[in-house]
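Take a look at the structure set out below.
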Number of protein chains: 2
Amino acid sequence: MNTKIKNIKMYLESNNVNPTYHRIVIFQYMENSTRHPTAEQIYTDIKKEIPTISKTTVYNTLNSFVKNGIAEKLNIADSEVHYDIPDNGHDHFLCINCGKIYDIKPEYSKSNIEIKSIQGHKITQLHCYYKGICKSCRNDKK
Amino acid sequence: MNTKIKNIKMYLESNNVNPTYHRIVIFQYMENSTRHPTAEQIYTDIKKEIPTISKTTVYNTLNSFVKNGIAEKLNIADSEVHYDIPDNGHDHFLCINCGKIYDIKPEYSKSNIEIKSIQGHKITQLHCYYKGICKSCRNDKK
DNA sequence: TTTAAGGTTGTAATGAATACAAAAATAAAA
DNA sequence: TTTTATTTTTGTATTCATTACAACCTTAAA
């Protein structure tokens, strides 16, 4: 077993996620992905490597990741939830033309919470979603 | 017809929404509501006033409002979309305990876009969602 | 008083996500 | 090594929000 997988194992363990084969593969897939995949996309791609995997396992795994704080749900699109492995708190941009999601560099991000409480409500999370036309789609129209 | 309804009629008209009875009632309901209702909640409540209304009409109406910029979708909760009549751009807070959505006062809001473009992407919208434990739930636990 | 256009209704269909029970795998105990 | 217990995984069925669609109704124009 290579060091990368060993690192993932340790990382999952240290976050209360029992590092089974499926979970390691899914986490590795998400770490390598830049497209903020949906459960469906993860399922389809992982299936190439593990043909017997079930969609339920993907959902279970993602829910376990989210519950233990090592993955984040992005409610940026209307119909589907996208998933992200947050490195250092950054915002996201959704292209309303092509549907692609981009990372916004931390220096432009607004979701670094410094406030702990607003109007008496205890703040634990802040999600900021930008929307518009992405660079690529803007160029295509010219 | 009272002035309030007349005003709504004019407002819908000026935003390219043909002001039918159903649409006026739904818009009025949303303006008076502080709970950022879902389509289901709107349907249930409006049904008391217009028993023959269909759920499709509620969805059609809301989609028409959103398309014409007089209502906004809140993708703040996991399963359902909530709707808001945005007055002056403010953020929202979701209590992860009771599910209630609160308005964040504009002075604490982050979604006033001043930037028109980030990393080459043209920005047209910014949605910021705070989450945590609301004032009321915090008091209940004591 | 027809014709056309838009609005509404109800039912059917879609599709993401969950529930659940059986089977499989893994770990712990004897 | 066997037995038992616990956790995972699988597959199917179900739920539920939302949309599709065709029939019907309403309104306004011709």
Side-chain angles (χ1 to χ4, degrees), chain A residues 1 8-9 12-13 15-27 29 36-68 71-84 94 99 101, chain B residues 1 8-9 12-13 15-27 29 35-68 70-84 94 99 101:
Chain A
M1 180 165 33
I8 293 178
K9 273 191 81 158
L12 295 183
E13 258 164 1
N15 284 280
N16 297 313
V17 176
N18 198 356
T20 66
Y21 175 55
H22 294 100
R23 289 171 184 165
I24 292 169
V25 171
I26 291 176
F27 190 85
Y29 168 85
H36 313 88
T38 63
E40 187 69 37
Q41 289 166 344
I42 295 168
Y43 171 70
T44 306
D45 285 348
I46 300 280
K47 218 173 158 56
K48 294 167 191 163
E49 195 169 338
I50 313 173
T52 58
I53 201 170
S54 74
K55 210 177 277 187
T56 304
T57 296
V58 174
Y59 277 105
N60 286 342
T61 300
L62 291 171
N63 284 338
S64 149
F65 286 176
V66 170
K67 198 181 73 183
N68 292 288
E72 192 190 351
K73 284 188 176 189
L74 303 183
N75 288 344
I76 193 172
D78 273 354
S79 53
E80 296 174 311
V81 174
H82 292 255
Y83 291 87
D84 186 39
L94 171 73
I101 296 172
Chain B
M1 181 164 31
I8 293 178
K9 272 190 83 158
L12 295 183
E13 256 163 2
N15 283 281
N16 297 313
V17 176
N18 196 355
T20 65
Y21 175 55
H22 293 102
R23 290 172 182 164
I24 292 170
V25 171
I26 291 175
F27 190 84
Y29 170 85
R35 61 197 294 238
H36 311 89
T38 64
E40 187 69 37
Q41 290 165 344
I42 295 168
Y43 171 69
T44 305
D45 285 347
I46 300 280
K47 219 173 157 57
K48 294 167 190 162
E49 195 169 338
I50 313 173
T52 58
I53 201 171
S54 74
K55 211 179 277 187
T56 303
T57 296
V58 174
Y59 276 104
N60 286 343
T61 300
L62 291 170
N63 284 338
S64 149
F65 286 176
V66 170
K67 200 182 73 185
N68 292 289
I70 60 176
E72 193 190 350
K73 283 188 176 189
L74 303 183
N75 288 344
I76 193 172
D78 273 353
S79 52
E80 296 174 310
V81 174
H82 292 253
Y83 291 87
D84 187 39
L94 171 73
I101 296 173

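Quick note on labels: first sequence line is chain A, next is B, and so on, each numbered from 1.
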Query raised in the report: Within the structure, does a side-chain N or O atom of B:T20 lie under 4.0 Å from either OP1 or OP2 of D:dT26?
Result: no
**Report entry** Minimum heavy-atom distance B:Y29-B:P37, with the two atoms named
**Finding:** CE2-CG, 4.0 Å
Query - Nucleotide C:dG7, atom C1' - distance to CD1 of B:I46 in whole Å - result: 16 Å
Report summary line: Between the CG atom in B:L12 and the CZ atom in B:F65, the distance rounded to the nearest 0.5 Å is 5.5 Å
**Report entry** Nearest-Å distance for atom pair CG/P, residues B:N18 and C:dG7
**Finding:** 5 Å
Requested in this report: Calculate, to the nearest 0.5 Å, the distance between atoms CG and CG belonging to A:N63 and A:N68 respectively.
Outcome: 11.0 Å
Report task. Look at the side-chain N and O atoms of B:H22 and state whether any lies under 4.0 Å from the OP1 or OP2 oxygen of C:dT8. Result -> yes
Requested in this report: Could you check how far CD1 of A:I26 sits from C1' of D:dT10, rounded to whole Å?
Outcome: 13 Å
**Report entry** Rounded distance (Å) that lies between atom C1' of C:dG7 and atom CZ of B:F65
**Finding:** 13 Å
Report task. Sugar-phosphate means primed atoms, P, OP1 and OP2; the rest is base. With that split, encode nucleotides 10-17 of chain C 5' to 3' as B, S or - using protein heavy atoms under 4.0 Å. Result -> BB----SB
Query raised in the report: Within this structure, what is the CD-to-P distance between B:Q41 and D:dA17, rounded to whole angstrom?
Result: 10 Å
Query raised in the report: So does B:K67 have more than 12 non-hydrogen atoms from other groups sitting under 6.0 Å from NZ?
Result: no
**Report entry** Rounded distance (Å) that lies between atom P of D:dT18 and atom OH of B:Y43
**Finding:** 14 Å
Query raised in the report: Can you check the B:K67 NZ to D:dT19 C1' distance for me, whole Å?
Result: 15 Å
Requested in this report: Search all heavy atoms of B:K47 against all heavy atoms of B:I53 and return the closest pair with its distance.
Outcome: NZ-O, 3.9 Å
Report task. For B:N60 and D:dA17, give me the distance from atom CG to atom C1', rounded to whole Å. Result -> 15 Å
Query raised in the report: Does a donor on one side chain and an acceptor on the other come within less than 3.5 Å for B:Y59 and B:K55?
Result: no
